[in-house]
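Structure record follows, encoded as structure tokens.
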Amino acid sequence: LMPKRFRERHDHHVSQFGKGSESQKILEERTEMVALRKNGEEFPVEISISKQHTGHERIYTSIIREVTDRVRAEKKLQFQAYHDSLTGLPNRQFFEDKIRDVLAQKKRFPEMLLAVLFIDLDQFKYINDSMGHSVGDALLEQVAKRLLQSLRDGDVVARWGGDEFVVLLNMLPHEDDAIGAAERIIQVMSQPFMLNDQLFLCSASIGIAFYRGKQEEAKDLSYNELLRNADIAMYRAKELGRARYVVFGQSMYDRVQTRMVLEKDLRQALKDENLELYYQPILELKTAQVAGFEALLRWEHPTRGWISPGVFIPLAEESELIIEIDQWVLRHASLQLQTWHKQYPHAKTMTMSINLSAKHFALPHYISDLIAIVEEVGVDPDFLKLEITEGTLLKQSDSVTTLLKQMKDRNLHLCLDDFGTGYSSLSYLGKFPIDILKIDRSFVCQLKTGSEQIEVVRAIITLAHSLGMKVVAEGVETLFQMAELEKLSCEYIQGFFVSAPVRKSIAANFVQQPIWQGEFRL
Ligand code: C2E
Ligand code: CA
Ligand code: CA
């Protein structure tokens, strides 16, 4: 019998020990050892020894019990605690313990170079949502196999959770070896997956963070920070268009920090109602009357001053904060319109245009929650125009068509915003129930004497009319542009030439006095 940790073959069978003299009491001790069967096979035993003192006699008794079943169960439990049941890969717990152990040795290996790869599957969510969880599971299993194949002995790959995997490359000779590993992973992931007799593509985005011996030790970088850095780099890889790797750099962290602070402030501003809506009039050319407004959000940051929606809207779109913002805007702009309708009976046909975020359009509840707000406010949906961009239409066109129809059924009007900046594919337009097309500013600003852009704008307007849509030209800044647009039978204009977006108190003047006072005819 040998203490378990020595794991050497020995053939002792001890059941009684020699006499001792120390203790009078019963002593009981238990140890686990490995015993050998006659055929040489090892098996685990538990041995307990007790010492009894009766008069002058001391009796030592030892009980040896085979514990094969218990040890097997324990091992199974331990395996389960450290492995992912679906892919059989080590799990997050295992990985964290491992990386902590490795970093604990840094004093002994001051030149230690290691890399953590954070891997996220690019199309997993889509495949899982559209094909069902069993297909999603099968995909994860295949991904796990491919990852194992593309790594070397000694590298650790674990499932971090969901569709995220992590790799630890320990004791690297050179940073290029980690780059090589990332390239191999991207390569194996570029092959299609066979799932349910169908082929699917699922690429991977990878973030790489290095632990460079002394350099990182000086910063006292923890394993948590190392993983976080790899995660940040992975997000950067996604931003840059997926199916690629990015090596973490300090500037990435600083950007994330700034962004996080800004996002926190924005959340607070929304809670404290420190956001403000500005309204930009939309002029109907035929009547020279203000037909309605577009609500545009403004944020005055307590220390940074005014922050443009061009900056904070994309930031809010990174999280689901934009959903709350869109709801806030819809509620406040609708209430404002209702107030104006009541205050100025002659203005009761004025409309309000509201921007909707493309990012979360197809999320469950996004549209139904907005519809619920319209109903709760009690504003007539006939006067609301919801602006969406081309990107929204193209992303998931089937579900989007259903959602748009749902909105049309509630009498809401739909505008296609920034037309011409996205895919500029005119042919798909007819598929969607759009009422109004907004020609992007970039076309309008090029409307000058002798410019060929006039033909492009003419073509867009003709197409929109043939599909039964009306047209708003955005960013009209000059009299010339307005006159050209009128000649092209464009129905509405919006831009600095009429008015910049203004506070509600100033916008109220346009409601009170909708006939445009500016220069109108050439
Ligand atoms: P957008 O929907 O295309 O809004 C029109 C933008 O053009 C506004 O910028 C407006 O101030 C600006 N603009 C209007 N007329 C002129 C002009 O004659 N010349 C020039 N150069 N610019 C003009 P803003 O207010 O900075 O908004 C930028 C973008 O932020 C908006 O573009 C929209 O995509 C987004 N946004 C603004 N408010 C909201 C909101 O409440 N919700 C959502 N989801 N997005 C919003
Ligand atoms: Ca807009
Ligand atoms: Ca626009």
Side-chain angles (χ1 to χ4, degrees), residues 76 79-80 82-92 94-95 117-153 155-167 180-207 234-235 237-245 358-367 390-406 422-423 425 427-428 430-432:
K76 202 166 159 209
F79 185 86
Q80 279 169 357
Y82 282 109
H83 288 79
D84 165 48
S85 57
L86 178 68
T87 60
L89 290 181
N91 62 12
R92 182 177 183 149
F94 179 97
F95 194 83
L117 273 53
F118 205 105
I119 306 168
D120 187 280
L121 307 183
D122 295 326
Q123 289 81 15
F124 177 78
K125 195 176 148 28
Y126 169 74
I127 296 173
N128 197 46
D129 288 353
S130 60
M131 299 302 296
H133 290 202
S134 61
V135 171
D137 284 356
L139 173 61
L140 291 172
E141 287 175 77
Q142 291 188 28
V143 168
K145 283 209 189 82
R146 289 190 189 184
L147 288 177
L148 284 170
Q149 278 163 15
S150 55
L151 294 168
R152 302 189 172 140
D153 286 349
D155 299 342
V156 183
V157 54
R159 180 163 175 217
W160 190 249
D163 61 343
E164 293 171 334
F165 296 85
V166 277
V167 172
E183 280 168 351
R184 283 198 304 280
I185 293 172
I186 286 167
Q187 164 62 27
V188 295
M189 294 293 294
S190 70
Q191 308 301 314
F193 291 87
M194 178 67 104
L195 304 162
N196 245 6
D197 293 332
Q198 268 179 279
L199 288 175
F200 288 91
L201 284 171
C202 185
S203 55
S205 296
I206 305 177
M234 185 278 288
Y235 268 99
K238 292 250 178 204
E239 273 175 12
L240 292 174
R242 307 165 157 199
R244 67 190 66 212
Y245 68 85
K359 201 76 170 256
H360 300 289
F361 197 81
L363 272 191
H365 298 300
Y366 177 77
I367 292 301
E390 282 172 278
T392 315
L393 297 185
L394 288 164
K395 242 189 244 159
Q396 299 120 323
S397 65
D398 281 350
S399 53
V400 167
T401 314
T402 320
L403 290 170
L404 295 180
K405 252 192 74 31
Q406 223 175 322
Y423 300 83
S425 149
S427 56
Y428 71 90
K431 285 206 321 208
F432 303 103

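The model shown is predicted, which means the values in this text are computed figures rather than measured ones.
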Could you state the interatomic distance from [atom1] ([X]) to [atom2] ([Y]), rounded to the nearest 0.5 Å?
{"X": "K359", "Y": "T392", "atom1": "NZ", "atom2": "OG1", "result": "11.5 Å"}
{"X": "S134", "Y": "N128", "atom1": "OG", "atom2": "CG", "result": "9.0 Å"}
{"X": "R152", "Y": "L148", "atom1": "CZ", "atom2": "CG", "result": "14.5 Å"}

Quick one: do Q142 and Q191 satisfy side-chain contact (heavy atoms from CB on, under 4.5 Å)? Show the steps, please. CA-CA 11 Å; Q142 291 188 28; Q191 308 301 314; over 6 Å; no

Quick check: do [X] and [Y] have side-chain heavy atoms less than 4.5 Å from each other?
{"X": "L140", "Y": "L121", "result": "yes"}
{"X": "M234", "Y": "I119", "result": "no"}
{"X": "L117", "Y": "Y245", "result": "no"}
{"X": "W160", "Y": "D120", "result": "no"}
{"X": "C202", "Y": "Q123", "result": "yes"}
{"X": "M131", "Y": "L139", "result": "no"}
{"X": "F165", "Y": "L89", "result": "yes"}
{"X": "E164", "Y": "R92", "result": "no"}

Does the plane of the ring in F94 sit parallel, tilted or perpendicular to the ring in Y82? Use 30° and 60° as the thresholds. perpendicular

OH of Y235: more than 12 outside heavy atoms within 6.0 angstrom? no

Over 12 non-hydrogen atoms of neighbours within 6.0 angstrom of CZ in F200: yes

Please test V135 against Q198 for side-chain contact (heavy atoms from CB on, under 4.5 Å), starting from the C-alpha separation and ending with a verdict. CA-CA 10 Å; V135 171; Q198 268 179 279; over 6 Å; no

Shortest non-hydrogen contact from [X] to [Y]?
{"X": "I206", "Y": "A182", "answer": "CD1-O, 3.7 Å"}
{"X": "A243", "Y": "S205", "answer": "N-OG, 3.5 Å"}
{"X": "L199", "Y": "P192", "answer": "CD2-CB, 4.2 Å"}

Where do N91 and R159 land on the side-chain contact (heavy atoms from CB on, under 4.5 Å) test, with the steps shown first? CA-CA 5 Å; N91 62 12; R159 180 163 175 217; 5.9 Å; no

Steps toward side-chain contact (heavy atoms from CB on, under 4.5 Å) verdict (L393, L404): CA-CA 9 Å; L393 297 185; L404 295 180; 3.6 Å; yes

Mind checking side-chain hydrogen bond (donor to acceptor under 3.5 Å, both in side chains) for T87 and listing every partner two or more places apart, or none if nothing turns up? D84

Please check this pair: side chain of Q187 against backbone of S150, looking for a donor-acceptor N/O pair closer than 3.5 Å. no

Keeping R244 on the side-chain end and R242 on the backbone end, is there a donor-acceptor pair under 3.5 Å? yes

